[in-house]
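Numbered from 1 within each chain, the chains take letters A, B, ... in sequence-line order.
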Amino acid sequence: MGSVVGLEDVNFPTEPKTPTPTMIFPKIEPKLEPLDEFTPQSINPNSNFSYNSGFRNTTPQQQQNATSSQTPSSIEAGVHSEYNRISELFQTAFAQRLQRDGDVEANEDSGCRAIVPVSNDSQVSDIVITRRKYEKRSSELVRVTDLKPEDERYFRDLIRKTRMLYDSLRIFVNLEDENNQHLGSGRQTRARGDLKASQMMREHGLWLNRDKRTVGPIPGVLVGDLFLYRMELCVVGLHGTPQAGIDYLPANQSSNGEPIATSVIASGGYEDDEDAGDVIIYTGQGGQDKNSRQVVHQKLEGGNLALERSMYYGVEVRVIRGFKYVGSSSGKVYVYDGLYRITEFWFDVGKSGFGVYKYKLVRIENQPDMGSAVLRFAESLRTRPLEVRPMGYISLDISRKKENVPVFLFNDIDNERDPACYDYLLKTVFPPYVYQHVGNGSGCECTDGCGNGTNCFCAMKNGGQFAYDTNGILLRGKPVIFECGPHCSCPPTCWNRVSQKGVRNRFEVFRSRETGWGVRSLDLLLAGSFICEYTGVVLTQEQAQIFTMNGDSLIYPSHFAERWTEWGDLSRIDSNYVRPAYPSIPPLDFAMDVSRMRNLACYMSHSSSPNVLVQPVLYDHNSVSFPHLMLFAMENIPPLRELSIDYGMADDCTGKLAICN
DNA sequence: GATCCGTCATAGCG
DNA sequence: CCGCTATGACGGAT
């Protein structure tokens, strides 16, 4: 039997310790070649820059196309002129550098030639948050290293809070716009919540990682983290440009006058990309018309030059993959896949017949599994679990058809099969007296559906507005939420019935060495989306006493940390923001028995930095002291990542939920 | 009905 | 300040 304590220790510091930022520049020492011997090979001995030695990765047919589609300025002439241009570019850059720091010392023993550690007297608190309005991006290139576990937790929490705020703002802007459309503002296009949210956060200095240009990992961002919008990447500082695929420190800001790439987004926007996971053939930028067709040769400038320089100096780049994924609103997600090294680059003939730069990106070893691979793996698990993982499945539905969607039970570690042995409890069982005051007149009378909540009694109970948007995403955590229910006149399709409809995603209870049993999803869980109810049998005071005397463990809902307060909290943007206190409910003082009947929720692990929140909800009765405990995602949770709740436990209180291990 | 394409409103940055 | 960009949303066509 493992301990229930989940992902992380309970306590983490509010103040970060100082990690050591490692300066990449200014001290660099690439070998300087005499300018008259300047050749592509001397620019970079590692590169296979193929200037006139034929075409790489190009079929004869493509070459034919290339030459035939392009006369009289043949592809070869194009390459020649491009090469001349590059030579000029480098001559200028090297001349400038010679003039400036002709006496830099070589650093022979460093694995990465460009990287020379310097003093660690920078303040880490400056690394992350920018408080001034519209501050320009910094030109200081750093790599953050030596993060201690408490630092990791601090930055993780910072990223988490930042993303929560971004999502809240985005949803609010979209909803407000939708309401305005209802009123007939006459505007044709919808507001871009994704852009508005980032703008508001920028105005309040809430963008992260803007006062340093960070090479390598962004503190607090894990490999596999999911983003739904390009601007979200800008806000956390993972990738700084809203549209361009290559982010780099431009030459004029660089201490040695050369650009350095920091991150790339591979989303298949270029026909010549090849993506084999660990190895990417990445096409440089430029040369496309507005229809994304390659119409001229690419040039070795901007991001293309930066990638080449990053290769030369052995500087790693972050790779974010964007790809289609049903379930996200735009049909696309961005996944942080970790660090890659550029090992080769060359000028090639693209499918269009025009010259493109190509870069071979190789994933650095010993990193967590690629998020994009996990997504694909989860996809295959959803459709054919036994084929993909023939061993380990104990049950393909522990709910025995009670849930809309089967709940898997997986254990490839030991022989435990406990969760298969319990009665599956779909909904919490309340004592009969909570239903006393239910009856006619307790629900709304919106026969045609509740619309946007105008004149809906249930909306009024929530303070005039529904708690969800039209996609069923939780707008803001509240002391309690009133959903429409069996005593309402509205049809079951009413969108104020999100949590009572039960599980909609594919979940799996799994055995883990760290957390005993755990729960993970095979679907992407969007931030704010409903996960499941935390079910149990609610006990009367007397029953609870007997249970306690017998030594049985109970769930006390009042012990859950009130994480709902964090969801939709706009206080960092809106100084007038007040945390929702309405509708107010008395402290929850009931106990729940899960010793015989339970659902998947009680297998979720504890974390003090959880990705799931507990939100009280009422729909089938009006006793505010006995709400359903509904679980919602606090962030975009990638498939197969363990779900965690803040049980409000201290480190040494693992016994409380040991029954579920 | 899913998917593709054109169009438009965008915002950061070099 | 201007032009570029591996965006995102929508509406119409296939």
*Rounding to a whole Å, what distance do you find between A:His239:NE2 and C:dT5:P?*
14 Å
*A:Asp337 and A:Ser372: side-chain donor and acceptor closer than 3.5 Å?*
yes
*Using a heavy-atom cut-off of under 4.0 Å over every strand shown, decide if A:Ser198 touches base, sugar-phosphate, or nothing.*
nothing
Below 3.5 Å is the cut-off: list the nitrogen or oxygen pairs between protein and nucleotides 1-5 of chain B, distance only.
residue	atom	partner	partner atom	Å
B:dC4	OP2	A:Lys324	NZ	3.2

*How close or far is atom C1' of B:dC8 from atom CD of A:Gln243, stated in whole angstroms?*
12 Å
_Check this one for me: any side-chain N or O of A:Gln285 less than 4.0 Å away from OP1 or OP2 of C:dT5?_
no
*Taking A:His239 for its side chain and A:Ala244 for its backbone only, find out whether a donor-acceptor pair lies under 3.5 Å.*
yes
*Think A:Arg202 has a side-chain N or O under 4.0 angstrom from the OP1 or OP2 of B:dG12?*
yes
Short heteroatom pairs, N/O only, protein and nucleotides 1-3 of chain C, under 3.5 Å:
none

*Electrostatic pair A:Asp194-A:Arg170, nearest N-O below 4.0 angstrom*: no
*Among the nucleotides C:dA9, C:dA6, B:dT10, which one has an atom lying closest to any side-chain atom of A:Arg192?*
C:dA9
*Side chains of A:Leu307 and A:Ile342: does their closest heavy-atom pair fall under 4.5 Å?*
yes
*asked:* When you compare the ring of A:Tyr248 with the six-membered ring of B:dG14's base, are the centres less than 5.5 Å apart and the planes under 30° from each other?
replied: no
_Centroid-centroid distance, A:Phe466 to A:Trp495, less than 6.0 Å_ = yes
*Please report the C-alpha distance between A:Asn505 and A:Ser521 in whole Å, then the side-chain angles of each, then the deciding distance to 0.1 Å, and finally whether the side chain to side chain donor-acceptor pair (under 3.5 Å) criterion is met.*
CA-CA 7 Å; A:Asn505 296 293; A:Ser521 169; 5.3 Å; no
*Phosphate OP1/OP2 of B:dA11: any A:Tyr229 side-chain N/O under 4.0 Å*: no
*State whether a side-chain donor-acceptor pair under 3.5 Å links A:Arg321 with A:Tyr334.*
no
*Counting only side-chain N and O atoms of A:Gln199, is one of them less than 4.0 Å from OP1 or OP2 of B:dG12?*
no
_Looking at A:Gln285 and A:Gly303, would you say the former's side chain and the latter's main chain have a donor-acceptor pair under 3.5 Å?_
yes
*Which nucleotide, C:dG8, B:dG12, B:dC13, lies nearest any side-chain atom of A:Thr241?*
B:dC13
*Select base, sugar-phosphate, or nothing to describe what A:Gly322 touches, counting heavy atoms under 4.0 Å on all strands.*
nothing
*asked:* At less than 4.0 Å, is any side-chain N or O atom of A:Arg210 found next to OP1 or OP2 of B:dC13? Yes or no.
replied: yes
*For DNA chain B, whose closest nucleotide is more 5', that of A:Lys196 or that of A:Arg293?*
A:Arg293
*Between A:Glu232 and A:Arg163, is the closest basic N to carboxylate O distance under 4.0 Å?*
yes
*asked:* Using a strict threshold of under 4.0 Å (side-chain N to carboxylate O), is an ion pair present between A:Lys161 and A:Glu635?
replied: no
*Backbone of A:Ser198 reached by a side-chain donor or acceptor of A:Trp207 within 3.5 Å*: yes
_Consecutive Watson-Crick or G-U pairs in runs of at least 3, all under 3.5 Å, in which DNA chain C is involved_ = B:2-9 with C:7-14, B:11-14 with C:2-5
*Is A:Asp273 touching bases, backbone alone, or none of the nucleic acid, heavy atoms closer than 4.0 Å?*
base
*Evaluate the criterion salt bridge (Lys or Arg N to Asp or Glu O under 4.0 Å) for residue pair A:Arg641 and A:Asp225; output intermediate values, then yes/no.*
CA-CA 10 Å; A:Arg641 182 170 290 177; A:Asp225 277 354; 2.7 Å; yes
*For the side chain of A:Ser267, counting heavy atoms from C-beta on, which of B:dG14, B:dG12, C:dA6 is nearest?*
C:dA6
*When we call it a touch if two heavy atoms are under 4.0 Å apart, what does A:Glu232 touch: a base, just sugar-phosphate, or nothing?*
nothing
